[in-house]
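The structure displayed is predicted, hence computed values, not measured ones.
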Amino acid sequence: MSSDSLPPLPQNRIVLGCGQVAVDFLATVASFPNPDDKIRSTSLKVQGGGNAGNASTCAARLGLNPRLISKVSNDSHGQGILEELEADGVDTSFFIVSEEGNSSFTYVIVDSQTNTRTCIHTPGYPPLIPEELSQSSLLSALDGVNMVYFDGRHHETALVVAKEAARKNIPILVEAEREREGLDDLLDFATYAICSAKFPQAWTEAPSVPSALISMLLRLPKLKFVVVTLGEEGCIMLERSVNGSFTMIVGGSDAEEMDVHCLLESLKLIKDDSKTIPTCISSVETKLSANGIGTITGRLFVGTAEKIPPSELVDTTGAGDAFIGAVLYGMPPEKMLPFAAQVAATGCRALGARTVLPLRTDPRLASFL
């Protein structure tokens with residue numbers, strides 16, 4: 001598809017990421033080994049990885065201008081990480097390069113039988129610390145930025161960046177993959193949050209995912225929306241209304257309120273399961289309640305995933321990173337969720353998180369743009 005026939009790109013295309021970069025050693029095996037087994041891989045690929053590195057690469061291929069704050073060592077892995085990012089159009093001028101230590105790397109075992117991946121990660125050392133990012137570099141990195149994204153790593157430095165971004169009223173997207181040191185402090189600054197399937201309940205101790213999303217918006221008053229990704233089950237999103245007031249339930253029921261679980265089930269019934277491409281269904285603005293947690297005024301969204309034929313599904317490594325990279329593109333939720341799901345699904349059709357991340361001109365994205 002020619003770029004001339006595409007809608008125009010967002011006017012402000014600069015996004016800033018702060019987080020992890022790595023080298024991935026991806027080995028595909030027929031089935032996951034038992035302890036003390038010796039098996040052979042059916043394919044092997046060495047490629048750049050790390051949540052922030054993958055999401056930034058995705059954003060670059062979609063036509064954005066991503067910058068990235070991270071750290072590598074001056075070793076062969078670090079040099080490869082930088083070269084690969086730069087080749088994809090990611091600005092690495094704000095990286096810290098250490099003359100000692102090691103760059104981070106991950107062994108990824110891709111199980112062809114179950115379509116799962118198991119990761120063994122070795123962190124980079126020494127870690128990135130706030131003193132290594134000068135105030136002038138920080139201000140330059142944030143200059144003209146439309147959104148800042150954090151994957152939860154390098155939490156001390158990330159918090160410095162988040163505070164300055166908030167001071168400049170730049171929207172902040174925080175990835176909540178799992179509970180990490182310093183993540184709570186970052187979430188306090190978040191405008192948007194994208195969570196893994198298990199995080200909302202683990203963080204809030206709520207009895208269900210829908211009630212956990214309400215709990216997150218209640219606990220984080222700056223948060224405009226929260227998305228939980230559910231793999232092949234798609235995603236659920238709760239968006240606070242613009243005038244999104246909330247009240248705690250004191251007891252009894254309110255006739256104007258709707259239970260969030262009932263609403264979710266009603267939206268699921270509307271889904272057209274015959275469609276193979278990602279879709280999105282949303283409620284009207286509603287006062288949503290979760291028993292014992294509270295109420296919030298907003299909209300609930302149910303997004304579906306692409307139904308990838310089994311013969312085309314190769315590797316889900318980095319699917320969540322691709323989803324986030326597409327969210328950075330900046331769209332209304334009704335368009336954002338199917339678009340992000342399509343980008344993520346496209347990336348699952350080859351070994352590695354970045355191998356087939358789509359360009360903006362990819363025909364599979366045309367109907368979503």
Side-chain angles (χ1 to χ4, degrees), residues 17 19-33 39-62 64 66 68 70 72 75-90 92 103-124 151 153 175 177 196 229 231-232 305-306 308-328 340-362 364-365:
Q20 183 184 19
V21 294
V23 172
D24 287 349
F25 297 87
L26 298 120
T28 304
V29 296
S31 61
F32 196 83
I39 62 172
R40 291 189 177 186
S41 63
T42 56
S43 61
L44 177 69
K45 193 172 190 68
V46 181
Q47 184 179 80
N51 296 38
N54 294 338
S56 297
T57 297
C58 179
R61 294 193 188 179
L62 293 175
L64 302 184
L68 190 53
S70 192
V72 294
D75 53 15
S76 59
H77 289 168
Q79 292 164 11
I81 287 168
L82 293 176
E83 289 170 3
E84 189 174 348
L85 289 169
E86 289 162 2
D88 262 308
V90 179
T92 63
S103 301
S104 60
F105 58 93
T106 305
Y107 296 116
V108 184
I109 303 172
V110 181
D111 184 342
S112 298
Q113 191 174 64
T114 59
N115 290 319
T116 58
R117 83 282 188 276
T118 303
C119 302
I120 306 168
H121 180 64
T122 299
D151 68 4
R153 273 57 164 227
E175 175 185 1
E177 186 178 34
S196 64
T229 56
E232 64 183 14
E306 182 187 357
I308 306 174
S311 60
E312 296 180 23
L313 180 60
V314 177
D315 179 19
T316 60
T317 302
D321 304 332
F323 188 96
I324 289 172
V327 169
L328 291 172
Q342 183 62 52
V343 170
T346 302
C348 293
R349 286 174 158 87
L351 184 63
R354 303 183 190 175
T355 305
V356 289
L357 278 178
L359 296 170
R360 183 168 169 265
T361 52
D362 191 307
R364 285 172 289 199
L365 303 185

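- Put simply, the side chain of Ile120 does not reach to within 4.5 Å of the side chain of Thr106, judged on heavy atoms.
- With a 4.5 Å cut-off on side-chain heavy atoms, Ser104 and His121 count as touching.
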(request) Could you walk me through whether Ser70 and Gln20 pass the side-chain contact (heavy atoms from CB on, under 4.5 Å) test, one step at a time? (result) CA-CA 6 Å; Ser70 192; Gln20 183 184 19; 5.7 Å; no
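- In terms of the side chain to side chain donor-acceptor pair (under 3.5 Å) criterion, Thr316 has no residue partners (sequence neighbours excluded).
- The closest side-chain heavy-atom distance from Phe32 to Ile109 is below 4.5 Å.
- Taking 4.5 Å as the limit, some side-chain heavy atom of Pro309 sits within range of a side-chain heavy atom of Arg349.
- Considering only heavy atoms from C-beta on, Ile324 comes within 4.5 Å of Glu175 through its side chain.
- Here the closest heavy-atom approach between residue Gly48 and residue Arg354 is recorded as O-NE, 3.2 Å.
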(request) Apply the test side chain to side chain donor-acceptor pair (under 3.5 Å) to residues Asp88 and Thr57: give CA-CA distance (whole Å), side-chain angles for both, the deciding distance (0.1 Å), then the verdict. (result) CA-CA 6 Å; Asp88 262 308; Thr57 297; 4.6 Å; no
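- For the pair Gln47 and Val23, the minimum side-chain heavy-atom distance is 4.5 Å or more.
- Qualifying side chain to side chain donor-acceptor pair (under 3.5 Å) partners for Thr229, counting only residues two or more places apart in sequence or in other chains: none.
- At a threshold of 4.5 Å between non-hydrogen side-chain atoms, the residues Val72 and Leu82 count as touching.
- For Glu177, the CD atom sits in a packed shell: over 12 heavy atoms of surrounding residues, nucleotides or ligands are nearer than 6.0 Å.
- Counting heavy atoms from C-beta outward, Leu351 and Thr28 have side chains that approach closer than 4.5 Å.
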